[in-house]
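The first residue in the sequence is number 1, and the count goes up from there.
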Amino acid sequence: MSFKTISVIGLGYIGLPTAAAFASQQKEVVGIDINPHAVETINRGEIHIVEPELDKVVKTAVESGWLRASTTPVAADAYLIAVPTPFKGEHEPDMTFVEAAAKSIAPVLKKGSLVILESTSPVGATEQMADWLAAARPDLTFPQQAGEQADINIAYCPERVLPGQVMVELIKNDRVIGGMTPVCSARASELYNIFLEGECVVTNSRTAEMCKLTENSFRDVNIAFANELSLICADQGINVWELIRLANRHPRVNILQPGPGVGGHCIAVDPWFIVAQNPQQARLIRTAREVNDSKPHWVMNQVKATVADCLAASDKRASDVKIACFGLAFKPNIDDLRESPAMEIAHSIAQWHSGETLVVEPNIHQLPPRLAGQSMLVSLEDAMSQADVLVMLVDHKEFKAIAGDNVRQQYIVDTKGVWR
Ligand SMILES: NC(=O)c1ccc[n+]([C@@H]2O[C@H](COP(=O)([O-])OP(=O)(O)OC[C@H]3O[C@@H](n4cnc5c(N)ncnc54)[C@H](O)[C@@H]3O)[C@@H](O)[C@H]2O)c1
């Protein structure tokens with residue numbers, strides 16, 4: 001059966017681009033979100049998040065009538081669930097959004113519907129979702145009960161797009177398809193092939209769930225290695241950037257770059273899902289998380305030591321010293337401050353320092369409430385001319401455009417190797 005109507009539950013950074021991609025292939029798409037502001041904005045043909053090219057695709061899709069948004073679930077041939085999966089308590093996955101989303105579509109499911117979970121989830125989440133649906137709809141059969149003959153097909157298909165390049169990667173990337181049965185996988189592949197140029201790679205739901213967690217844990221562990229090297233090199237008086245450049249000349253070595261820590265809502269979160277389920281075995285993955293999470297604290301100590309050096313070499317009082325932080329986002333050239341280690345460091349500096357803390361972040365127009373009042377958003381030029389101590393936190397292109405030789409300040413903490 002081909003898919004005429006598609007419903008995407010959760011219209012955020014993942015769900016909205018996915019809904020728009022189906023709609024641009026002239027499928028009737030209804031996006032569902034509990035946030036009325038998101039729903040109203042999309043129905044005006046506008047977007048409530050920042051992602052290049054998304055505004056144009058959504059505008060066209062809404063104006064041509066293929067995409068609309070609603071707060072109320074509707075019957076559809078296929079459902080894709082893309083709601084948040086943060087962690088709670090001691091870093092355990094919080095599946096309450098997925099549970100609520102599944103329970104909200106259960107009443108409108110019909111024989112032949114396909115349900116796909118896209119949210120990053122712990123192993124077994126798809127089977128759990130299938131149980132929630134089956135409990136709500138005893139009149140229908142599900143893959144855990146009826147296998148290939150089930151009325152409802154269910155699959156786990158994770159998303160691996162890069163924020164800032166979502167509209168390209170959504171279509172070009174290969175996609176892992178984890179059906180609860182081979183029929184579920186075949187139907188999920190058929191669905192994604194509506195817009196996908198990459199390949200559908202088929203497996204089962206548990207492997208697909210673990211695959212997504214593995215990809216982000218791989219990145220986290222490798223960044224932790226670079227971050228640990230940066231600590232060792234600082235102690236040994238070695239330039240870690242030069243060291244990594246040299247080591248990477250080995251044909252089988254490819255070390256990533258250190259930084260102020262790891263942020264965002266994916267790499268800093270997803271490895272914990274593995275640790276929560278396999279605490280005994282996941283020792284390296286846990287340690288990597290701890291190494292990356294402790295990096296902002298180490299950077300803060302570097303800042304304190306550098307300010308102390310600055311004070312010792314001058315007749316200034318601490319309250320006369322101006323510290324400038326360069327960058328707040330969790331990675332270069334975006335405006336996303338969620339879980340950003342740069343934010344955490346800037347906040348700690350502003351709280352600790354008795355003098356002025358200046359912040360340069362070319363991608364925002366005003367400081368977030370947490371920093372406003374404590375520090376001042378200034379231009380790059382003002383920071384370079386006024387500050388005594390420079391703290392490089394994010395390698396935005398504007399900062400990299402300034403050659404290290406042109407930086408007059410002597411007191412610099414450079415977590416990204418831009419000027420030192
Ligand atoms: N953003 C990324 O780069 C990225 C990449 C890969 C995977 N993921 C994963 O995709 C999932 C979604 O992430 P996101 O960044 O799009 O989140 P988001 O916060 O941008 O969007 C989620 C949306 O779901 C809505 N929502 C919450 N509960 C709902 C419910 N019961 N019914 C309907 N809507 C509901 C929220 O209002 C919000 O608009 C998460 O599991 C995330 O880990 C995200």
Side-chain angles (χ1 to χ4, degrees), residues 219-245 247-248 255-264 267-268 288-310 321-334 336-353 357-364 371 375 380 383-384 387-404 407 409-420:
R219 302 273 305 155
D220 200 45
V221 167
N222 282 278
I223 297 167
F225 181 73
N227 274 336
E228 187 165 290
L229 279 179
S230 72
L231 271 56
I232 294 166
C233 285
D235 192 58
Q236 295 288 351
I238 293 169
N239 179 327
V240 69
W241 315 100
E242 183 191 7
L243 171 84
I244 292 174
R245 208 166 45 242
N248 282 350
I255 304 168
L256 301 183
Q257 303 295 305
V262 169
I267 298 182
R289 272 291 60 246
E290 288 167 354
V291 168
N292 288 333
D293 271 356
S294 65
K295 189 76 192 281
H297 181 70
W298 182 85
V299 174
M300 189 60 210
N301 285 338
Q302 298 286 108
V303 172
K304 287 180 179 172
T306 306
V307 171
D309 288 347
C310 174
V321 170
K322 288 188 183 180
I323 305 178
C325 298
F326 293 81
L328 290 179
F330 83 82
K331 59 182 203 159
N333 309 322
I334 60 166
D336 194 341
L337 312 183
R338 289 184 291 178
E339 315 292 330
S340 170
M343 264 288 292
E344 194 182 325
I345 293 164
H347 176 68
S348 302
I349 292 173
Q351 278 205 315
W352 162 78
H353 183 47
T357 303
L358 312 176
V359 174
V360 190
E361 175 47 79
N363 300 296
I364 62 171
L371 279 182
S375 42
L380 180 54
M384 294 309 279
D388 304 290
V389 175
L390 311 184
V391 184
M392 167 57 66
L393 296 171
V394 189
D395 47 343
H396 287 315
K397 58 183 186 320
E398 293 84 353
F399 307 156
K400 285 164 78 174
I402 299 175
V407 178
Q409 283 84 347
Q410 181 184 351
Y411 301 102
I412 302 177
V413 177
D414 189 346
T415 71
K416 291 305 300 178
V418 174
W419 294 328
R420 283 286 155 92

**Student:** Mind checking the CE-CD spacing from M384 to Q409? Nearest 0.5 Å is all I need.
**Tutor:** 5.5 Å

**Student:** Using 0.5 Å steps for rounding, measure from the NE2 atom of H347 to the OG atom of S340.
**Tutor:** 13.0 Å

**Student:** With no hydrogens and no angle check, just 3.5 Å: does a side-chain donor-acceptor pair link K295 and T415?
**Tutor:** no

**Student:** Carefully, step by step, assess C325 and I345 under the rule side chain to side chain contact (heavy atoms under 4.5 Å, CB included).
**Tutor:** CA-CA 9 Å; C325 298; I345 293 164; 5.8 Å; no

**Student:** Mind checking the CG-NZ spacing from L358 to K322? Nearest 0.5 Å is all I need.
**Tutor:** 6.0 Å

**Student:** Nearest 0.5 Å, what's the OG1-CG distance between T306 and N301?
**Tutor:**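 Answer rounded to 0.5 Å: 10.5 Å.
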
**Student:** If I take atom CG from residue L380 and atom CD1 from residue I402, how far apart are they, to the nearest 0.5 angstrom?
**Tutor:**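 Reported to 0.5 Å precision, the distance equals 4.0 Å.
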
**Student:** Kindly indicate, with the supporting measurements, whether the criterion side chain to side chain contact (heavy atoms under 4.5 Å, CB included) is fulfilled by R245 and E242.
**Tutor:** CA-CA 5 Å; R245 208 166 45 242; E242 183 191 7; 3.9 Å; yes

**Student:** L256 and side chain to side chain contact (heavy atoms under 4.5 Å, CB included): which partner among I223, N227, I244, N248?
**Tutor:**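 With L256 as partner, side chain to side chain contact (heavy atoms under 4.5 Å, CB included) holds for just one option, I223.
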
**Student:** Is it true that a side-chain atom of D395 and a backbone atom of V418 form a donor plus acceptor pair closer than 3.5 Å?
**Tutor:** no

**Student:** OG/S230 to NZ/K416 distance, rounded to the nearest 0.5 angstrom?
**Tutor:** 10.0 Å

**Student:** Quick one about H396 and E361 (side-chain donor to acceptor, distance below 3.5 Å, no hydrogens or angles considered), yes or no?
**Tutor:** yes

**Student:** Would you check, one step at a time, whether the test side chain to side chain contact (heavy atoms under 4.5 Å, CB included) holds for W352 with M300?
**Tutor:** CA-CA 10 Å; W352 162 78; M300 189 60 210; 3.8 Å; yes

